[in-house]
Amino acid sequence: MIAIQPAEPPDSPSTVQSSTVQSSTVQSEALFERAKRVTPGGVNSPVRAFKSVGGVPRFMASAAGAYLTDADGTRYIDHIGSWGPMILGHNHPAIREAIVAAAQDGTSFGAPGWREVELAELVCKVTGAQKVRFVNSGTEATMSALRLARGFTGRKYTLKFRGNYHGHADALLVEAGSGLMTNADTLGAAAPSSAGVPDEYARLTLVAEYNDPAALDALMAERGHEIAAVIFEPVVGNAGVLLPTPQFLLALDRVRTRGTLLIADEVMTGFRLSASGACGLLQIRPDLVCWGKIIGGGLPVGAYGGRAEIMDYVSPQGPVYQAGTLSGNPLAMSAGLATLQALQADPELYERLKVYTARLAQGLQEAADTAGVTVCINSIGSMLTVFFQAGPVSNYTQAARSDTAAFAVWFQGLLRRGVYWAPSQYESIFISGAHGEAELQATLQAAREAFADVAEANA
């Protein structure tokens with residue numbers, strides 16, 4: 001068994017930059033120039049490039065607890081948590097020690113190992129899934145789950161929702177054109193949202209508006225007999241945080257009356273919003289679930305699972321092929337085990353994260369109101385987005401009305417003051433168990449000053 005220890009406390013947050021201090025970015029600038037010569041855009045994932053907020057991306061050197069330290073030695077209160085995995089905080093002792101212990105036995109076997117069995121058993125116990133298959137990323141998980149749904153149902157079409165991101169597989173990089181069409185032949189039609197995605201792939205993916213139960217019912221009535229699966233985020237994170245309405249959840253459940261499978265993409269929300277994920281919190285009963293991020297404790301991992309009769313269609317037991325050289329990697333499995341065991345050992349963590357995030361949301365709203373800046377804040381559990389608009393925001397179309405220029409000013413204001421926020425208006429932030437009162441108050445103080453920057457820019 002792995003001994004569960006609290007996260008190591010960082011140094012005093014008194015080093016958070018004040019509004020009068022301009023930290024050096026010399027090393028980040030130099031690294032960015034070098035990176036651009038050998039890597040597209042200088043980054044290995046697009047949002048890291050700061051393209052929508054301007055300025056130089058910070059190249060990080062280390063992380064501990066609720067903090068990141070960049071190559072120039074500047075320390076930031078981190079609100080990204082590696083885009084979700086670090087629910088216990090960065091460099092948590094139990095996870096680090098588990099990885100080190102696993103590495104003593106080797107880094108990859110190309111054969112089954114005991115850790116993947118234990119992690120699969122734990123995932124099934126906590127989530128209610130009957131069988132699980134491990135892969136190496138969230139994209140692999142969703143791609144594999146959709147292939148499985150097609151193989152199981154014998155149908156070729158799938159349906160997704162605008163603003164729901166399910167990884168970069170070709171069939172999922174699509175978005176709605178002008179919304180749902182009245183012509184039944186093109187109802188739910190979508191177009192590629194990336195170069196390199198053939199129209200033929202996009203035509204196999206239908207698109208509906210998130211939180212529009214009437215549109216979903218209409219599409220299913222016309223084309224449900226063709227649709228293998230509906231894939232959705234129980235809580236959306238990549239259009240900013242969007243919360244499902246009760247009516248929409250009921251419409252999702254109704255898709256199964258057409259013989260269509262329901263796939264919950266919990267790559268972001270799995271084990272974050274509750275021990276059993278968003279599905280457990282919202283009482284959703286999907287046929288298949290996809291996981292990532294927290295399930296690997298910060299190491300590259302993904303998984304999909306669900307009903308045994310469906311999962312048994314996966315090779316080598318069934319006819320749906322899916323494989324991976326590093327699937328079930330012992331280091332990733334050990335990090336995932338340590339993380340889930342730590343969460344089980346501290347069941348009150350979810351309530352603490354919820355309370356912290358609610359206080360952060362309230363403080364941010366008050367700071368914006370004081371500065372005369374209009375915002376709408378969506379939050380649930382330990383996820384939060386500040387939309388620079390009046391709101392409400394419940395779908396992609398509404399989220400797209402946000403003032404991205406105002407957000408960029410606010411983001412840069414936070415960054416100058418030592419607060420690292422998601423560098424896009426359309427992302428969630430993630431709170432960890434390492435965030436405490438000092439980090440909350442320092443963040444809110446920086447936010448007050450950054451909102452004042454926005455008000456001055458608008459004036």
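All of these numbers come straight from a predicted model, not from anything done at the bench. Just the heavy atoms: all of them, side chains too, but no hydrogens, waters or symmetry mates, feed the values below.
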task: Could you tell me how the ring of Trp421 sits relative to the ring of His79: parallel (under 30°), tilted (30 to 60°) or perpendicular (over 60°)?
output: tilted

message: Tell me if a side-chain donor or acceptor on Ser334 pairs with a main-chain N or O of Pro330 at a distance below 3.5 Å.
response: yes

- request: Please confirm whether the backbone N or O of Ile380 pairs with a side-chain atom of Thr357, one donor and one acceptor, at under 3.5 Å?
  value: no

message: For Gln362, is there any backbone N or O sitting under 3.5 Å from a side-chain donor or acceptor partner on Gln365?
response: no

field: ring-ring contact (aromatic ring centres under 6.0 Å, His included) involving Phe248 - partner list, sequence neighbours excluded
entry: Phe161, Tyr210

task: May I ask you to decide if Ala434's main-chain N or O and Ser432's side chain share a donor-acceptor pair within less than 3.5 Å?
output: yes

message: Quick test of your reading of the model: are Asp105 and Arg115 salt-bridged, counting only N-O distances below 4.0 Å?
response: yes

field: Carboxylate-amine/guanidinium contact Glu226 Arg155, below 4.0 Å
entry: no

query: Within the side chain of Asn238, is there an N or O that forms a donor-acceptor pair under 3.5 Å with the backbone of Tyr426?
result: no

- prompt: Has Arg272 got its NZ or CZ under 6.0 Å from the middle of the six-membered ring of Phe430, at an angle within 45 degrees of the ring axis?
  reply: no

- prompt: For the side chain of Tyr304 and the backbone of Val135, is there at least one donor-acceptor N/O pair under 3.5 Å apart?
  reply: no

- prompt: Any side-chain donor paired with an acceptor under 3.5 Å for Tyr165 and Glu233?
  reply: no

- request: Scan residues 122-154 for pairs that pass ring pair (Phe, Tyr, Trp, His ring centres under 6.0 Å), counting only residues two or more places apart or in two chains.
  value: Phe152-Tyr313

- prompt: Within the side chain of Asn211, is there an N or O that forms a donor-acceptor pair under 3.5 Å with the backbone of Ser394?
  reply: yes

field: Sidechain N-carboxylate O distance under 4.0 Å for Arg359, Glu437
entry: yes

message: With heavy-atom distances below 4.5 Å as the criterion, would you say the side chains of Val53 and Phe50 are in contact?
response: yes

query: Taking the six-membered ring of Phe32, is NZ or CZ of Lys36 closer than 6.0 Å to its centre and within 45° of its axis?
result: yes

message: Could you go through Arg150 and Arg147, starting from their C-alpha distance and side-chain angles, then the distance that decides it, and tell me whether this counts as side chain to side chain contact (heavy atoms under 4.5 Å, CB included)?
response: CA-CA 5 Å; Arg150 287 188 173 107; Arg147 181 185 301 155; 5.7 Å; no

statement: Given the options Leu261, Val255, Leu206, Ile227 meets side chain to side chain contact (heavy atoms under 4.5 Å, CB included) only with Leu206

